2 protein chains.
Amino acid sequence: MPFEEGWCCRKRFRECGLKWTQTRQAIIDLLHSKKGHLSAEEIFIEVKKLYPGIGLATVYRTLELLTELGILRKFDFKDGRARYEFIAGKETVEHYHLVCRICGKIIDYEVDLEKQQDPLKDLKNILTERFNFSIERSDIQFFGLCDRCKSLSQKD
Amino acid sequence: MPFEEGWCCRKRFRECGLKWTQTRQAIIDLLHSKKGHLSAEEIFIEVKKLYPGIGLATVYRTLELLTELGILRKFDFKDGRARYEFIAGKETVEHYHLVCRICGKIIDYEVDLEKQQDPLKDLKNILTERFNFSIERSDIQFFGLCDRCKSLSQKD
DNA sequence: GTCCGTGCAAACGTTTTGCATCACC
DNA sequence: GGTGATGCAAAACGTTTGCACGGAC
């Protein structure tokens with residue numbers, strides 16, 4: 001069993017009038033088990049190992065579909081390609097990224113707004129009141145130097 | 001005089017061994033006066049009115065150069081094209097964007113960290129300590145509904 | 001059997017690059 | 001005059017789309 005198959009949405013698909021297919025499940029399984037930030041190409045290569053016939057277009061179409069369904073989320077780390085993460089069941093979780101500008105390493109930091117206090121509460125309140133803008137989603141990245149690259153650069 | 005010509009970096013260019021050219025100055029002037037979030041294509045069209053001979057490649061090369069020099073900053077609002085803003089002289093200013101998911105309107109909110117308190121201070125401290133990560137730059141966008149689109153959608 | 005999903009290839013839009021020419025220094 | 005900047009065209013890149021076939025229901 002190549003991927004952990006813990007997360008099934010066959011029922012959900014049926015309810016939406018969508019067909020459950022092996023490629024769709026394979027993409028979900030991959031992202032659910034990897035918990036990484038994979039690009040379409042990386043997903044394509046990985047799923048191809050199981051289903052050699054799969055096409056890149058199917059991967060893109062599936063990723064778009066799953067993003068619309070709220071199962072995945074699309075991120076942009078400014079390297080010219082979109083990245084996808086499994087987010088279903090984490091609707092109350094806000095997700096920040098630390099991106100190292102040297103090695104590209106991505107560190108995740110999650111805050112569950114149901115359990116923890118929202119670190120951006122004050123800022124969001126200011127923005128909501130000032131502009132009468134309803135914030136639905138935050139997209140927050142911090143760029144800088146990771147632990148390792150910082151100590152390496154200090155040696156020079 | 002089509003663009004406000006208040007910001008000159010001829011000297012700065014010389015110091016870096018770069019040549020000062022009319023197209024470069026025109027792009028700087030445009031972004032300095034417009035204060036918007038212009039794409040390369042939009043900049044190209046605008047500068048073409050003054051210098052009809054300019055090529056799109058030059059615009060891209062100039063934008064990259066000015067971004068490296070810290071005169072401009074490149075933003076991504078997820079519409080498939082990069083946008084540029086003039087930021088020179090605003091090194092202590094943090095800049096948040098509110099992007100309306102319906103009309104695409106972009107609202108700017110600036111915080112001068114020298115004069116005002118950093119709204120993200122606590123979060124940044126947590127991240128810095130926890131991961132020993134040096135934050136150099138924040139990239140913060142909020143997506144949602146602007147005032148106008150909110151009231152329009154409530155009528156339906 | 002009926003659709004929806006798929007693979008393939010071609011198209012797309014933005015951005016980058018190669019190269020000969022041009023203009024700043 | 002030398003070197004970096006430019007314009008043009010072509011290429012590159014990630015992504016999307018058209019179309020005929022195949023598989024889920």
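So that the names make sense, note that chain A is the first sequence line, chain B the second, and so on, each numbered from 1. None of the values given here were measured: they were computed from a predicted structure.
- Each of B:Arg83 and B:Arg14 has a nearest nucleotide on DNA chain C; the 5'-most of these lies closest to B:Arg83.
- Using a 4.0 Å cut-off between charged side-chain N and carboxylate O, A:Lys78 and B:Asp139 make a salt bridge.
- Distances shorter than 4.0 Å separate none of the side-chain N or O atoms of A:Arg61 from OP1 or OP2 on C:dG5.
- When rounded to the nearest whole Å, the span between CD of A:Gln22 and P of D:dA24 equals 7 Å.
- Nucleic acid contact class of B:Thr23 (heavy atoms, under 4.0 Å, all strands): sugar-phosphate only.
- Atoms CG and CD, from B:Leu72 and B:Glu64 in turn, are 11.5 Å apart once rounded to the nearest 0.5 Å.
- Here C:dC12 presents its C1' atom at 16 Å from CG of B:Asp79, a figure rounded to the nearest Å.
- Per the geometry, NZ belonging to A:Lys19 stands 7 Å off P belonging to C:dC4, to the nearest Å.
- Listed pair A:Thr21 / C:dT6 meets the phosphate criterion, a side-chain N or O lying under 4.0 Å from OP1 or OP2.
- Each of D:dT6, C:dT15, D:dT15 was ranked by its minimum atom distance to the side chain of B:Thr62; first place goes to D:dT6.
- The side chain of A:Arg81 has D:dT15 as its nearest neighbour among D:dT15, C:dG5, D:dT3.
- Here D:dA5 presents its C1' atom at 12 Å from CD1 of B:Ile27, a figure rounded to the nearest Å.
- Using a cutoff of 4.0 Å between basic side-chain nitrogens and carboxylate oxygens, B:Lys121 and B:Asp118 are not scored as salt-bridged.
- Phosphate proximity of C:dG7 to A:Thr58: present, with a side-chain N or O under 4.0 Å from OP1 or OP2.
- Taking a cutoff of 4.0 Å between a charged side-chain nitrogen and a carboxylate oxygen, A:Glu41 and A:Arg81 do not qualify as a salt bridge.
- Residue B:Tyr60 contributes atom OH, which lies 16 Å from atom P of D:dC8 at whole-angstrom precision.
- Counting to the nearest Å, the C1' atom of D:dT6 and the NZ atom of B:Lys48 are 13 Å from each other.
- Contacts of B:Leu56 with the nucleic acid, taken as non-hydrogen atoms under 4.0 Å apart, include base atoms.
- In this structure, B:Leu69 places its CG atom 11 Å from P of D:dA5, rounding to the nearest Å.
- Between B:Glu94 and B:Lys124 there is a salt bridge, with a side-chain nitrogen of the basic residue lying less than 4.0 Å from a carboxylate oxygen of the acidic one.
- Closest contact between the side chain of B:Ala57 and the listed nucleotides C:dA9, D:dA9, C:dT6 involves D:dA9.
- Atom CD in B:Glu64 sits roughly 15 Å away from atom C1' in D:dT6 (whole-Å rounding).
- Contacts of B:Gly53 with the nucleic acid, taken as non-hydrogen atoms under 4.0 Å apart, involve only primed sugar atoms and P, OP1 or OP2.
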